[in-house]
2 protein chains.
Amino acid sequence: MSPSPTTGSGPSGAAAVASQRVADHLRAAILSGELRPGARIMQEQVAAQLGASRLPVREALRILAAEGLTVVKSNSGAWVSRMDMAECEGVYKIRERLEPLALAESIPHLTAEQVAELETIARQIELTTDVDRFLALDGRLHLLTYSGCRVTQITAMVDRFWNTTQHYRRAFARLAGDSGWELIHAEHRLIIDAIKRADIVDAERFLTGHIRRTRLELAQHPELFTEEDHDSDHTADAAGPAD
Amino acid sequence: MSPSPTTGSGPSGAAAVASQRVADHLRAAILSGELRPGARIMQEQVAAQLGASRLPVREALRILAAEGLTVVKSNSGAWVSRMDMAECEGVYKIRERLEPLALAESIPHLTAEQVAELETIARQIELTTDVDRFLALDGRLHLLTYSGCRVTQITAMVDRFWNTTQHYRRAFARLAGDSGWELIHAEHRLIIDAIKRADIVDAERFLTGHIRRTRLELAQHPELFTEEDHDSDHTADAAGPAD
DNA sequence: GGTATTGGCTATGGATCCATTCACTGCGAC
DNA sequence: GTCGCAGTGAATGGATCCATAGCCAATACC
């Protein structure tokens, strides 16, 4: 959720620098699903829409590319990053190692209020059937468990991978159905209980299992990654232009 | 060692795009130690030196900021990233989790020739007393152990953190002295042996210990991080401009 | 009828020029 | 003597204009 670690910009409110404004706008559009993976991003069009010149758009595309949200190909164009299943699994494997670390670094610094809020959010999640609301709450829950982590490098990485997998989490949550959510609720309860006990080992264990199980579930739904390009250029093949 | 995942550029040879040329030049200067942490980077100066306009330099600084090598502050300037001890420890904690993953993903795909080369490099390292040569060989050794990793996301992260800690590895290797290197040699032998046996569990274990021990050693040398700013601006306080 | 080549068009990359903003310095007042 | 303020300067951010590379289509040739 941190906008960008590279340039100093107001964490909240209107960014003074146009590049950040554009980057924030595009990032929100991508994360909300408005811009789907593989969608072409035209510099001129975005510039006109945001009332800026093409230059801030170019810098914004670089910033987002650094966050893994866009792909820029020289003399060709920019697209919203698209992952194949192998890449998505790779990201989940990274998250499997990284997020437990973030949690371990966070737990000693979590306040009682934050832990209480975790339980509130968890209850709200269990009462939710709407996919978008579930996604938002799930994000708030997990990121809140990491919020005590003082190491900015770790939280930056966690945020980054969280964002790049946003679209696939949405697609997954949509097809998982109510039955699949039961296990998620159980995992959340166990993680929060471990946090309440300040049991780092258990918390890491359950979180690792949580992410790992999601990865394995995801591997059983290759159809999430085989969707044809809708409005994208034919060169928008993948996140890595293999030149 | 992959130049940049963002824009397509020739993997080797002269980059067709100026931004990549500038980024490659600055990256090399930073990694070689020519540009030390905290050093101010002037857009105009670099542009003149590289025979380009300021625009590619700006984009290059964004690219390098994404890799964690530079820090750009709005309306202020750019500096080579500097870490305090806490940040450096944070990066080592990340590496402690991430590089074993890269190794685990790599081992099944390593060829016999590559394993043989590992032993050759390890022997060369043991015969080395020169710090810069040690650094180069150590880098080749470890990155070669990860070279079988097919997940580009993982290797990209590993390269990134390897680069950002380059300067501190150099400083550490310099003060470690011959006695400190003995343990490193032992760890290398154990890791390579586990790789030869295709024993992922052991390989991960020894690698984790290798990185962890380095982190703990580093924590005992805070003087590596207290060096005064030499030719840098007074605002070059840390890698994160706390605005 | 199929294929290769060439021409035009579009979008990005780069250069120059102008506005803005931050920092340093000098002066003045308390 | 020290603190505060204003002015100046330099470096960055942004806008416009031009060059270039890639894509697509039309045409000519096989």
Side-chain angles (χ1 to χ4, degrees), chain A residues 3-4 6-10 14-26 39-65 70-80 229 231-237 241-243, chain B residues 3-4 6-10 13-26 38-65 70-80 229 231-237 241-243:
Chain A
S4 168
T6 60
T7 56
S9 75
V17 242
S19 320
Q20 289 296 330
R21 275 195 73 87
V22 178
D24 291 345
H25 177 89
L26 287 176
R40 176 83 183 263
I41 302 177
M42 305 278 253
Q43 295 183 359
E44 217 161 338
Q45 177 182 330
V46 176
Q49 185 179 346
L50 274 283
S53 95
R54 262 181 48 222
L55 205 147
V57 180
R58 279 163 68 174
E59 304 215 333
L61 288 175
R62 288 247 185 272
I63 293 173
L64 296 175
T70 62
V71 176
V72 181
K73 200 175 170 186
S74 295
N75 290 316
S76 181
W79 292 264
V80 179
D229 18 27
D231 60 350
S232 65
D233 201 289
H234 72 284
T235 55
D237 43 7
D243 50 349
Chain B
S4 168
T6 60
T7 56
S9 74
V17 235
S19 319
Q20 288 296 331
R21 276 195 73 86
V22 177
D24 291 345
H25 177 88
L26 287 176
R40 176 83 182 263
I41 301 178
M42 304 278 252
Q43 296 182 0
E44 218 161 336
Q45 177 182 331
V46 175
Q49 185 179 347
L50 275 282
S53 98
R54 263 181 48 221
L55 206 147
V57 179
R58 279 163 68 174
E59 303 215 333
L61 289 175
R62 279 260 146 58
I63 294 173
L64 295 176
T70 62
V71 175
V72 180
K73 202 176 169 185
S74 293
N75 291 315
S76 181
W79 293 264
V80 179
D229 17 28
D231 60 348
S232 65
D233 201 290
H234 73 284
T235 54
D237 43 5
D243 51 347

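Predicted, not measured: the structure shown is a model, and the values here were computed from it. Each chain gets a letter, A, B and so on, in the order its sequence line appears, and its residues count up from 1.
Interface remark: the A:Arg58 side chain does form a donor-acceptor pair with the C:dG14 base, using a distance-only criterion of under 3.5 Å.
The side-chain contact (heavy atoms from CB on, under 4.5 Å) search around B:Ala47 returns B:Arg54, B:Val57, not counting sequence neighbours.
Under the 4.5 Å side-chain criterion, counting only non-hydrogen atoms from C-beta, A:Leu55 is in contact with B:Arg58. Between B:Leu50 and B:His25 the shortest side-chain heavy-atom distance falls below 4.5 Å. Looking at B:Leu26 and B:Leu61, their side chains come closer than 4.5 Å, going by heavy atoms from C-beta outward. Between A:Ile63 and A:Gln20 the shortest side-chain heavy-atom distance falls below 4.5 Å.
A close approach under 4.0 Å does not occur between any side-chain nitrogen or oxygen of B:Ser76 and OP1 or OP2 of D:dA11. Side-chain nitrogen and oxygen atoms of A:Ser74 include none within less than 4.0 Å of the OP1 or OP2 phosphate oxygen of C:dT12.
Here C:dA11 presents its P atom at 16 Å from NZ of A:Lys73, a figure rounded to the nearest Å. Note: CZ (A:Arg40) to C1' (D:dG22) measures 11 Å, nearest angstrom. In this structure, the CD atom of B:Glu59 is 7 Å from the P atom of C:dG13, given to the nearest Å. Spacing between atom CG of B:Asn75 and atom P of C:dC18 amounts to 19 Å, rounded to whole angstrom units.
What you find for A:Gly77 and A:Trp79 is that their closest heavy atoms are O-CZ3, 3.2 Å.
The stretch residues 41-56 of chain B touches DNA chain D through B:Ile41, B:Met42, B:Gln43, B:Arg54, each having a heavy atom within less than 4.0 Å of the strand.
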